[in-house]
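This is a predicted model, so every value here is computed, not measured.
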Amino acid sequence: MNEANLYQKITELAKDLGFVSAGVAEVCPIEEEFTLYENAMESGCFADMEYLKRNCHIRKDPGELLEGARSILVFLAPYGSRTATPEREIEFRDGIVERYKVAQYALGRDYHKVIRKKLTVILDYIKNQVSEARGRVFADTAPILERIWGVRAGLGFIGKNNFLISKEAGIRNFIGIIVTDVDFAKAYCNTYLKSHCGECMRCIESCPTGALSPYRLDAGKCISYLTIEKRGSNIELNRSMAKERDGWIFGCDACMNACPWNSRNREGWNEFKPQQETIPAAHLRRR
């Protein structure tokens, strides 16, 4: 099977597995995009997330992850819904049940494991079709600038809220990556989408803490950072400060909720939906 036919079969398999979009790009260093990343890092936009400052050579060139890497396959896995994030019942250790806002991505099963399992099915298929093919799968589990590669694979554009936005599948999508030494040169995307945000500023205006400016996020002000990533953050602390954070106890979807591209969102996978009406507080932890 030639590479063009193989790529077509991969996209069909991805669709069967539930991915709403797939694309491929050539593995190479990213110069302009990485300069923007460095500027954000140097200006303190990453707060105390030191892991974002490590392995920058890989963030610039994912070819470092696999000897002989030629192609990077990118897949979108839908989660959440088209509607704004509702409040959820949370049961705490003291047995009290209260309602708070929880980011939709955190409501279901661990997306890292769910997506990697499906990506492994695709990689196994590639290996069965191409003798001695090699590859690695990632779902937010390696220092890869996934959103940039989503753009380079032709799957969408970066919005003012810094998310990858698909014109076909909206904004609520996890990103899965396969880095492989198989050359899919005939399928590489050569035209990257520019921003389709226009003059819209809804995401910026909706941010409760002023963490957003167009195409830039100050993590130190972001509720998602404050309730998940910040050192010392925990569910009980978040509970005590929820009123000051517009009712958010774990993560924040304010800028996503405000985005008009929500109308294009696809139905989220069942694995990413709440397994029960009342969510145990212990479920809400950094994974």
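- Think of Leu212 as one node in a network of Ile, Leu, Val, Met, Phe, Trp and Tyr side chains linked at under 4.5 Å; its network also takes in Met201, Ile204, Leu217.
- When all heavy atoms of Glu271 and Gln275 are compared, the closest pair comes out as O-NE2, 3.9 Å.
- Contact of the Cys203 side chain with the Cys259 side chain is not registered, since no non-hydrogen atoms from C-beta on lie closer than 4.5 Å.
- Side-chain heavy atoms closer than 4.5 Å link hydrophobic residues (I, L, V, M, F, W, Y) into clusters, and following such links, possibly through other members, connects Ile144 to Leu164.
- With a 4.5 Å cut-off on side-chain heavy atoms, Met49 and Leu52 count as touching.
- The distance from the CG atom of Asp253 to the NZ atom of Lys101 is 10.0 Å, given to the nearest 0.5 Å.
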Let me see the working for Arg239 and Glu98 under salt bridge (Lys or Arg N to Asp or Glu O under 4.0 Å), right down to the final yes or no. CA-CA 9 Å; Arg239 180 186 185 186; Glu98 298 174 331; 3.1 Å; yes
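- Nearest heavy atom pair, residue Cys252 against residue Ala103, reads N-CB, 3.9 Å.
- Atoms OH and CG, on Tyr100 and Asp246 in that order, are 13.5 Å from each other to the nearest 0.5 Å.
- A pairwise comparison of heavy atoms in Ala153 and Val74 identifies CB-CG2, 3.7 Å as the closest pair.
- Classification of the Trp261-His196 ring pair by plane angle, with boundaries at 30° and 60°, yields perpendicular.
- In summary, Lys118 and Asp16 do not engage in a salt bridge, as defined by a charged side-chain N under 4.0 Å from a carboxylate O.
- Proximity of a side-chain donor or acceptor of Asn257 to a complementary backbone N or O of Ala84 within less than 3.5 Å is not detected.
- Using a cutoff of 4.0 Å between basic side-chain nitrogens and carboxylate oxygens, Arg152 and Glu26 are not scored as salt-bridged.
- No side-chain donor-acceptor contact under 3.5 Å links His283 to the backbone of Arg109.
- Shown here is Arg202, whose CZ atom has no more than 12 heavy atoms of other residues, nucleotides or ligands within 6.0 Å.
- Side-chain atoms of Thr227 come within 3.5 Å of backbone atoms of Gly251 as a donor-acceptor pair (strictly under, hydrogens ignored).
- At least one donor-acceptor pair closer than 3.5 Å links the side chain of Asn234 to the backbone N or O of Leu237.
- Using a 4.0 Å cut-off between charged side-chain N and carboxylate O, Glu89 and Arg99 make a salt bridge.
- No path of Ile, Leu, Val, Met, Phe, Trp and Tyr side chains, each step under 4.5 Å between heavy atoms, connects Val121 with Leu76, placing them in separate hydrophobic clusters.
- A salt bridge does not link Lys230 with Asp48: none of the charged nitrogens is closer than 4.0 Å to a carboxylate oxygen.
- Within the 4.5 Å cutoff, the side chain of Leu226 has heavy atoms near those of the Arg245 side chain.
- The main-chain N or O of Glu132 is never found under 3.5 Å from a side-chain atom of Lys127 such that the two would form a donor-acceptor pair.
- The local environment of CZ in Arg116 is sparse, with at most 12 non-hydrogen atoms from other residues, nucleotides or ligands closer than 6.0 Å.
- Contact check on Lys53 versus Glu50 returns a salt bridge, with a Lys/Arg side-chain nitrogen under 4.0 Å from an Asp/Glu carboxylate oxygen.
- Within the model, atoms CG of Leu17 and CG of Leu13 stand 4.5 Å from one another, a figure rounded to the nearest 0.5 Å.
- Taking all atoms of both residues into account, the shortest heavy-atom contact from Ser195 to Phe157 is CA-CD1, 3.6 Å.
- In terms of the side-chain contact (heavy atoms from CB on, under 4.5 Å) criterion, residue partners of Leu145 (sequence neighbours excluded) are, by chain and number, Ile30, Phe34, Tyr37, Arg59, Ile148.
- A donor-acceptor contact shorter than 3.5 Å links the side chain of Arg264 to the backbone of Lys167.
- Here the CZ-CD1 distance, from Phe250 to Ile235, works out to 6.5 Å after rounding to the nearest 0.5 Å.
- One N or O on the side chain of Asn173 and one on the backbone of Ala169 form a donor-acceptor pair closer than 3.5 Å.
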ring-ring contact (aromatic ring centres under 6.0 Å, His included) for Phe174 and Tyr79? Distances and angles first, verdict last. CA-CA 7 Å; Phe174 294 125; Tyr79 71 90; 4.4 Å; yes
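- The residues Glu33 and Arg147 are annotated as not salt-bridged, no charged nitrogen and carboxylate oxygen being separated by less than 4.0 angstrom.
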Between Lys60 and Glu31, does the salt bridge (Lys or Arg N to Asp or Glu O under 4.0 Å) criterion hold? Intermediate values first, please. CA-CA 7 Å; Lys60 184 175 182 179; Glu31 302 291 346; 3.4 Å; yes
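- In this structure a side-chain-to-backbone donor-acceptor pair under 3.5 Å is present from Ser206 to Ala254.
- For the atom pair OG1 (Thr141) and NZ (Lys113), the distance works out to 12.5 Å, reported to the nearest 0.5 Å.
- Looking at Thr278 and Arg88, their side chains never bring a donor and an acceptor atom within 3.5 Å of each other.
- Between Ile178 and Ile72 there is no side-chain heavy-atom pair separated by less than 4.5 Å.
- Residues Ile115 and Val137 fail the side-chain proximity criterion, which asks for heavy atoms closer than 4.5 Å.
- You'll find the ring centres of Phe19 and Trp269 inside the 6.0 Å limit.
- Side-chain contact between Ile177 and Glu146 is present, with at least one heavy-atom pair separated by less than 4.5 Å.
- Looking at every heavy atom in both residues, Ser21 comes nearest to Leu155 through OG-CD2, 3.3 Å.
- Between Tyr105 and Phe272, the distance from one ring center to the other does not fall under 6.0 angstrom.
- In summary, the side chains of Asp218 and Tyr225 do not present any donor paired with an acceptor at a separation below 3.5 Å, with no hydrogens or angles considered.
- Looking at Arg216 and Ser43, their side chains come closer than 4.5 Å, going by heavy atoms from C-beta outward.
- The cluster map of Ile, Leu, Val, Met, Phe, Trp and Tyr, joined by side-chain heavy atoms under 4.5 Å apart, puts Ile158 and Leu36 in different clusters.
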Which pairs would a plain distance check flag for residues 181-193, meaning a side-chain donor or acceptor within less than 3.5 Å of a matching protein atom at least two apart in sequence or in another chain?
| unit_1 | atom_1 | unit_2 | atom_2 | d |
| --- | --- | --- | --- | --- |
| Asp181 | OD1 | Arg134 | N | 2.9 |
| Asp181 | OD2 | Arg134 | NE | 3.3 |
| Asp183 | OD1 | Ala185 | N | 2.9 |
| Asp183 | OD1 | Tyr188 | OH | 3.1 |
| Asp183 | OD2 | Arg70 | NH2 | 2.8 |
| Tyr188 | OH | Arg70 | O | 3.0 |
| Tyr188 | OH | Ser71 | OG | 2.8 |

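- Under the 4.5 Å side-chain criterion, counting only non-hydrogen atoms from C-beta, Lys9 is not in contact with Asn5.
- The neighbour count for Glu277 CD, taken as heavy atoms of other residues, nucleotides or ligands under 6.0 Å away, does not exceed 12.
- Among all heavy-atom pairs drawn from Cys28 and Pro62, the shortest one is O-CD, 4.1 Å.
- Connection of Tyr111 to Ile122 is established within a shared hydrophobic cluster, with ILVMFWY side chains joined at heavy-atom distances below 4.5 Å, either directly or through further cluster members.
- Judged by distance alone, the side chain of Arg172 and the main-chain N or O of Asn265 form no donor-acceptor pair under 3.5 Å.
- One distance of note links OG of Ser166 with CD1 of Ile171; it measures 10.5 Å at 0.5 Å rounding.
- Looking at Val24, Val20, Thr11, Ile10 one by one, the single match for side chain to side chain contact (heavy atoms under 4.5 Å, CB included) with Phe75 turns out to be Ile10.
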